Every structure is written in structure tokens, then in C-alpha cells.
Visitor: 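This is the structure, below, for whatever I ask next.
Worth saying up front: this structure is predicted, and the values here are computed from it rather than measured.
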Amino acid sequence: MSLSLESRFVDAQGLRLHVRVRPGAPTRPAVLFLHGWLDHSHSFDAVLEHVPADWRVALLDFRGMGQSAHAPPEANYQAADHLLDVEAALDGLGFEQAHLVGHSLGGIIALTYAAVRPERVLDVALIESLGPTGGPPEYAVERLRAFLNDARRPPNSKPYPNVEAAAARLRENNPTLPPAAALHLARYGTRPHEKGGVAFTFDPRHRRRFAHGHDEAQWLALQEQVRCPVLLIRGQDGLWPDAAKLDRRLGALRTLSGPPLVLPGGHHVHIERAQDVARALADFIR
């Protein structure tokens, strides 16, 4: 099955963002997919092979990732920037309301956007995502210190001999990622490097620590403001908080549609179990 997606670009306060779109009838669900940290929109390709063919789907590349523009040299990335990305995508595509599907970072952004723009979000499907790392309020000083220290590091893109070597690097960071999936992510997530070989397309400044972030109390308060239905999909071997934190966060999601759906797989369970994830999305999104 061909995905039949077309590339479009939307403006986020002067920054050019890449969105892959499959148009459809205005009466059909509009679904915006949001990828994880340092990933890109192609991480959802396997899922799209199995979702309803009449959905209006859009797959956003966050700023500084995928084929979207990087922030200017004098700028720094912050988590809230991605809220601007979501709003720019919805506005640019003419989606007054949408269903949001987010993996990892994309899920954090989706849930945050649902809390602050409830009128625009019909529901949220979270894949391996239930909030940021968080921490106690006193960590704020250390976070700011790390932000200043990271700003001194030059943003160098490391070259790899070929796409296969880049894929091997992805599997070092995520051993549960199947080789074919890693190769797919590397194929669409790299470009030629000026010194030869390839480099990842994401802006290396994304590896720097944010200056500000939610502590645990702030994140729980944010979750409590989500009013739309929420679906939670987990990988059996994925990345999750400890049991106590998990219970607190699940308890703060007042509109959770049911117990988390746990599937065999790791942090990229939507790639490893694409058909199962697509089936869950199709049952949830109406």
C-alpha cells in the first residue's frame, strides 16, 4: 500500500516547518502525528500502512528535526517551542480541530497542547509517553546551570560512513529497535555531510538541556486540565517512570479511556507492532 503523502510547509513565526499530508474529505477525522525526540515524521510510516485510508493525516517534523528548518544561530530550543509548531501545523493545514497522536516527546507536546488549547483537540493518543522526567523544584538551579554549560559546546554534527552506520548508532541508543526499522529511520533521517558520509538531520543543539522544565507538581497540575479522551499505549520493554510516579500520573489523567494498552516491544513499539498500534488508534479515533 502506498502512503500517498505530499510534502507541505507551514510557517511557525518565520520558521519553515515540514508536514507530510494525506488529504481527505472534510467529514473524515483529521489526525496530526507528532514524533519523538530527534526522530522525524517517517517514524509513523509503518503505522500509516494500517490506519483507515480515508483519514486526513498530517505528520509534522518538529523544528530542528526531520526536514523542518533549524532555529537561527542565536536561538535556543525550549520545550514550549513545539507548542508553536503544533499550532502552526493546525493553522497552516486548516484543521480547526484534530486528533493528536504523539510518541515520546510528541506525546508530551500533544498532552500539553490539549491542556492549553482544549477547543482544538478532540482526543490524544500517547505512545510510550506519560510526561517529562520532572523532578523536585530545587532542581531548577541545576537545570539552569546545565543550560549555560551546554551553550558553550559547539553544535557539531557527527558524520557516519554511510546510512547503515547511522542505523547501527540508532540501535546502540535503542537496542530493542529492529534492524529494518533502524535502517528506515536512518534512511529518512540523514543527509550528506560536508566531510563525506552522512549526518543526522536533527539540529545537534537539541541535545542541550532546556533552561526550564516542569517539575512533578506542575506536570500533574497540567495533566488534570486535559478534558478530552486519552489513550495510552506502552511497550512492554519501553521507558517508563517508577511505579509510584506512574500511579500518580495515571491518576491525574482524569479522561483516560481505560487501562494502558501494553504491547510486546520497546520504546518504538509503534514501529515494532505497527498493525496492533494502528488497530488501537482506529478503535479510539472516531
Visitor: Any donor-acceptor pair under 3.5 Å linking the side-chain atoms of T201 with those of H40?
Guide: no
Visitor: Quick one: does I109's side chain get under 4.5 Å of L105's, heavy atoms only?
Guide: yes
Visitor: Examine R22 relative to W55 and say whether NZ or CZ is less than 6.0 Å from the centre of the six-membered ring and inside a 45° cone about the ring axis.
Guide: no
Visitor: Given side chain to side chain contact (heavy atoms under 4.5 Å, CB included), test F33 with I127 step by step and report yes or no.
Guide: CA-CA 11 Å; F33 289 81; I127 303 171; over 6 Å; no
Visitor: Taking it one step at a time, do H270 and H103 satisfy ring pair (Phe, Tyr, Trp, His ring centres under 6.0 Å)?
Guide: CA-CA 8 Å; H270 61 301; H103 168 242; 4.3 Å; yes
Visitor: Between the side chains of H206 and D203, is a donor N or O closer than 3.5 angstrom to an acceptor N or O?
Guide: no
Visitor: If you measure only the distance, is there a donor-acceptor pair under 3.5 Å linking the side chains of H267 and D237?
Guide: no
Visitor: Is NZ or CZ of R209 both nearer than 6.0 Å to the six-membered ring centre of F147 and within 45° of the ring axis?
Guide: no
Visitor: Would you say the side chains of T176 and N174 form a donor-acceptor pair under 3.5 Å?
Guide: yes
Visitor: Tell me, do D61 and L17 make a side-chain contact under 4.5 Å, heavy atoms counted?
Guide: no
Visitor: Determine whether I233 and L231 make a side-chain contact, defined as any pair of heavy atoms from C-beta on separated by less than 4.5 Å.
Guide: yes
Visitor: Could you go step by step and tell me if Q67 and Y188 meet the side-chain hydrogen bond (donor to acceptor under 3.5 Å, both in side chains) rule?
Guide: CA-CA 9 Å; Q67 300 303 313; Y188 288 103; over 6 Å; no
Visitor: So, do R56 and V31 sit near enough that their side-chain heavy atoms are less than 4.5 Å apart?
Guide: no
Visitor: Do H42 and R20 have side chains that approach each other closer than 4.5 Å (heavy atoms only, starting at C-beta)?
Guide: yes
Visitor: If you define the side chain from C-beta out and look only at heavy atoms, does anything of E216 sit under 4.5 Å from L220?
Guide: yes
Visitor: Report yes if the distance between the aromatic ring centroids of H35 and F44 is under 6.0 Å, otherwise no.
Guide: no
Visitor: Do R8 side-chain atoms and V19 backbone N/O form a donor-acceptor pair below 3.5 Å?
Guide: no
Visitor: Passes side chain to side chain contact (heavy atoms under 4.5 Å, CB included), L183 versus E164? Steps please.
Guide: CA-CA 6 Å; L183 189 60; E164 290 75 14; 4.3 Å; yes
